[in-house]
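Quick note: numbers below take in every heavy atom, side chains included, and nothing from hydrogens, waters or symmetry partners. Keep in mind the model is a prediction, meaning the values are calculated, not measured. Order of appearance sets the numbers: ligands from 1, and atoms from 1 within every ligand.
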Amino acid sequence: MINIALPKGRLGEKVYSLLANVGYKCSAYDSSSRKLIFRDEQNGVSYFWVKPTDVAVYVERGAADVGVVGKDIIEDVSPDVYELADLNMGKCAMCVAAKSDWYDDTSRPLRVATKFVNVAKKYYAELGRDIEVIKLNGSIELAPILDMSDVIVDIVETGTTLKENNLKVFARIFDISARLVANKAAYKFKNDEILQLADKLSAEVER
Ligand code: PRP
């Protein structure tokens, strides 16, 4: 049995379709149901629907053998897992954005609003810039508009949210895509199964 944590939502559903295509179909699967676990004993697979930001926790703790998680979360949380494959989907970028007329007043710490506290700290530490982090959980774009922060460190996908709020990208920190990750112990004890799944999924993604 291989236990797979999928991020609840569109990305998770897409990944499930790919896995189903390459032999990991789950007869109990039903995307419209509120159930969180789907098992298929015959096919040897069990799927868990997990909040995207929690996938790495389930995999790190071994509740799931493998999972699909964004590079944004991997960079921010640094989970103790193996990163096996880039699935080339869920593509976006971690950026610094601010009001278009913003300029950096280096005489005081920069106020940075973000969900990604560790990413922001690391980025500005490397630049040698003092910051004050303002941790938010969503609608990050509001912070500079209300002058609660100078900049934001956030995900930009299409750029629509920034545009509609008159904000602009000032720096691109790194590219993001969905990654297949594995629990370290499971990788050792279910090595063949996990590698096979990673290979089949990567091949299907590239097709
Ligand atoms: C994310 C991100 C941006 C938006 C970027 O927010 O934090 O706000 O998507 O997408 P875009 O460039 O295509 O406009 P999410 O939808 O996860 O909601 P949130 O505000 O709750 O973080």
Is it true that atom NZ of Lys184 has more than 12 heavy atoms of other residues, nucleotides or ligands lying nearer than 6.0 Å? yes

Salt-bridge test for Arg129 and Asp104: reply yes if a basic N is under 4.0 Å from a carboxylate O, no otherwise. yes

Which bit of Thr158 is near ligand 1, meaning a heavy atom under 4.0 Å away: side chain, backbone, both or neither? both

For atom 18 (O) of ligand 1, closest protein heavy-atom neighbour: Lys115 NZ, 4.7 Å

Could you please spell out the steps behind the side chain to side chain contact (heavy atoms under 4.5 Å, CB included) verdict for Ile155 and Ile176? CA-CA 9 Å; Ile155 290 169; Ile176 298 168; 3.9 Å; yes

Is the shortest side-chain N to carboxylate O distance from Lys25 to Asp40 below 4.0 Å? no

Find out if a path of hydrophobic residues (ILVMFWY) with successive side-chain heavy-atom gaps under 4.5 Å connects Tyr187 to Phe189. no

Salt-bridge test for Arg111 and Asp147: reply yes if a basic N is under 4.0 Å from a carboxylate O, no otherwise. yes

Protein heavy atom under 4.0 angstrom of atom 1 (C) of ligand 1, is there one? no

Please state whether Glu164 comes within less than 4.0 angstrom of ligand 1, counting heavy atoms only. no

Contact bool for atom 13 (O) of ligand 1 (protein heavy atom, d < 4.0 Å): yes

Check: of Leu136, Asn165, Thr161, Leu162, min heavy-atom distance to atom 4 (C) of ligand 1 comes from Thr161

Can you name the closest pair of heavy atoms from Ala186 and Asp65 and give their distance? CB-OD1, 3.5 Å

Taking 4.0 angstrom as the limit, do Arg108 and Glu132 come out as a salt bridge? no

Nearest protein heavy-atom contact for atom 20 (O) of ligand 1: which residue, which atom, what distance? Ser139 N, 2.8 Å

Look at atom 9 (O) of ligand 1 and say whether a protein heavy atom is found at less than 4.0 angstrom from it. no

Quick one: which ligand 1 atoms are inside 4.0 Å of a heavy atom on Thr160? 12 (O), 14 (O)

Under a 4.0 angstrom heavy-atom cut-off, which atoms of ligand 1 come close to Gly159? 11 (P), 12 (O), 13 (O)

heavy-atom search around atom 21 (O) of ligand 1 in the protein gives Gly138 CA, 3.6 Å

Where the side chain of Asp76 meets the backbone of Asp72, is there a donor-acceptor pair that is under 3.5 Å apart? no

Heavy-atom nearest neighbour in the protein, as seen from atom 3 (C) of ligand 1, with distance rounded to 0.1 Å: Glu141 OE2, 3.2 Å

Would you please determine whether Ile140 falls within less than 4.0 Å of ligand 1 on a heavy-atom basis? no

List ligand 1 atoms under 4.0 Å from Val156, heavy atoms only on the residue side. 12 (O)

Less than 4.0 Å between atom 6 (O) of ligand 1 and some protein heavy atom, yes or no? no

Rounding to 0.5 Å, atoms CG (Leu197) and CD1 (Ile4) come to a distance of 5.0 Å

